[in-house]
Visitor: 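One structure coming up, written as structure tokens, with questions to follow.
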Amino acid sequence: MTATPAHTPDAVHTPAAAHLPDTAPALDIPSATDSMSTTDITSTSLSPSPATEAAALHTPVLAWFETHARDLPWRRPEAGAWGVMVSEFMLQQTPVSRVLPVYEQWLARWPRPADLAAEAPGEAVRAWGRLGYPRRALRLHGAAQAITERHGGDVPRRHAQLLALPGIGEYTAAAVASFAYGQRHAVLDTNVRRVLARAVTGVQYPPNATTAAERKLARALLPADEDTAARWAASSMELGALVCTAKNESCARCPIAARCAWLLAGKPPHDGPARRGQTYAGTDRQVRGKLLAVLRDTHGAVTQRALDAVWDEPVQRARALDGLVADGLVEPLDGGLYRLPRS
DNA sequence: GAAGCGTGGGT
DNA sequence: TACCCAAGCTT
């Protein structure tokens with residue numbers, strides 16, 4: 001890290017900061033031509049340069065990460081790009097604690113993309129277990145096939161190539177490129193978005209969907225150095241996961257509490273529209289889950305009767321089963337039999 | 001841009 | 001007990 005030390009005599013402003021170290025909450029991040037400028041640390045403006053402001057955030061968070069990062073299997077060197085990619089699929093909307101055992105089994109069984117690609121897709125769905133959103137298993141299988149066919153069996157390094165794989169969107173492409181290959185990307189997941197919303201923007205929660213303003217801010221905050229940028233991505237995400245949590249945030253343990261715009265503003269509560277809650281009981285989603293659980297736990301074909309037993313409302317049950325078939329999660333056979341997909 | 005897509009643990 | 005929430009993606 002070549003950035004300026006956090007506190008240099010550039011503080012011509014804010015003379016007597018009685019309690020906290022010179023607070024500069026509102027990061028004056030460039031609004032145009034985002035971070036293309038090189039680190040012009042030498043700029044002589046009276047207020048700290050954006051790079052200096054950003055470094056004031058980076059340094060404490062990177063240091064905190066050194067001592068507080070969890071020892072997760074996909075962070076170990078032996079995980080490789082495939083391990084990172086598998087973990088990212090599994091972690092899409094599923095907590096770490098539930099991913100851990102399935103991840104270990106998955107990597108032991110399919111240590112390379114080609115190993116998974118050689119399997120029937122239904123085996124991926126079965127091994128997915130109860131992680132939820134089983135379409136992810138199908139997409140991971142499809143991604144493994146594409147990697148095997150188009151990329152010689154190696155997880156591609158380029159963001160655009162990753163993005164072209166099934167199940168990989170903006171976040172996952174950036175995460176794999178950054179975590180697996182040490183590249184410089186804005187990695188905007190829900191944790192990072194929350195950290196930036198609070199520390200920089202001064203609000204309790206980010207918008208429901210990722211906005212252009214958030215992307216611009218994240219890019220502006222990206223350290224210039226590639227390796228530092230990759231560590232910043234991991235550490236800011238970890239901060240959101242462990243300290244700057246959605247509920248019961250722990251500001252007392254936060255390395256940037258002194259600079260958090262939201263904390264400095266007195267932690268004003270969120271005023272925008274509430275997140276739309278995800279109902280579940282009685283929905284097609286629940287029925288799909290019950291149907292697929294039967295298929296997962298049965299090797300070979302399942303009878304219509306066995307599926308009928310999981311839900312008594314026939315119209316909804318049929319609709320859910322049709323949906324699973326349409327999604328490729330279930331394969332219908334002749335004679336009212338069903339199984340996990342072989343192809 | 002909103003809706004749909006699983007599951008289980010915490011409060 | 002009912003919510004709320006967890007490293008999103010696709011249509």
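Every chain is numbered from 1 and lettered A, B, ... according to where its sequence line falls, protein lines coming before strand lines. None of these values were measured; they are calculated from a predicted model. Computed over heavy atoms, backbone and side chain alike; hydrogens, waters and symmetry mates excluded.
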Visitor: For Leu291(A) and dC5(B), give me the distance from atom CG to atom C1', rounded to whole Å.
Guide: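 It works out to 14 Å between those atoms.
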Visitor: What is the distance from CG of Asp322(A) to C1' of dG4(B), rounded to the nearest Å?
Guide: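 Distance check: Asp322(A) CG to dG4(B) C1' gives 16 Å.
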Visitor: Kindly assign one of parallel, tilted or perpendicular to the pair Trp106(A) and Trp110(A), based on the angle between their ring planes and the thresholds 30° and 60°.
Guide: perpendicular
Visitor: Expressed as a whole number of Å, how far does the P atom of dC9(C) sit from that of dG9(B)?
Guide: 25 Å
Visitor: Between P on dG4(B) and CZ on Arg288(A), what's the gap in Å once rounded to a whole number?
Guide: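 Spelled out: CZ on Arg288(A) to P on dG4(B) is 12 Å.
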Visitor: Counting distance alone, no hydrogens or angles: does the base of dG4(B) have a donor or acceptor under 3.5 Å from a partner atom on the side chain of Arg285(A)?
Guide: no
Visitor: Hey, does the side chain of Arg253(A) reach the backbone of Leu242(A) with a donor-acceptor pair shorter than 3.5 angstrom?
Guide: yes
Visitor: Quantified in whole Å, what is the C1' atom distance between nucleotide dA2(B) and nucleotide dA7(C)?
Guide: 22 Å
Visitor: From CG of Leu131(A) over to C1' of dG9(B), roughly how many Å is that when rounded to an integer?
Guide: 14 Å
Visitor: Taking Gln316(A) for the side chain and Gly282(A) for the main chain, is one N or O donor matched with an acceptor at less than 3.5 Å?
Guide: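 Checking the backbone N and O of Gly282(A) against the side chain of Gln316(A), a donor-acceptor pair under 3.5 Å is found.
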Visitor: Nearest-nucleotide wise, let me know which of Lys290(A) and Ala209(A) is further upstream toward the 5' end of DNA chain B.
Guide: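 Upstream on the strand: Ala209(A).
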Visitor: Indicate for each nucleotide in nucleotides 6-11 of chain C, in 5' to 3' sequence, whether protein heavy atoms under 4.0 Å reach the base (B), only the sugar-phosphate (S), or nothing (-).
Guide: BBBSS-
Visitor: Please check if the number of heavy atoms outside Arg112(A) that lie under 6.0 Å from its CZ is greater than 12.
Guide: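 At most 12 heavy atoms, drawn from other residues, nucleotides or ligands, come within 6.0 Å of this atom.
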Visitor: Quick check for you: to the nearest 0.5 Å, what is the distance between Gln145(A) atom CD and Leu165(A) atom CG?
Guide: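 Separation between the atoms: 12.0 Å.
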Visitor: Is Tyr171(A) close to Gln92(A) at the side-chain level, that is, under 4.5 Å between some pair of heavy atoms?
Guide: no
Visitor: Please measure how far the C1' atom in dT7(B) lies from the corresponding atom in dT11(C), and state the result in whole Å.
Guide: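 Comparing C1' positions in dT7(B) and dT11(C) gives a spacing of 23 Å.
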Visitor: What is the distance, rounded to the nearest whole Å, between atom CD of Glu249(A) and atom P of dG10(B)?
Guide: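 So the CD-P distance, Glu249(A) to dG10(B), works out to 19 Å.
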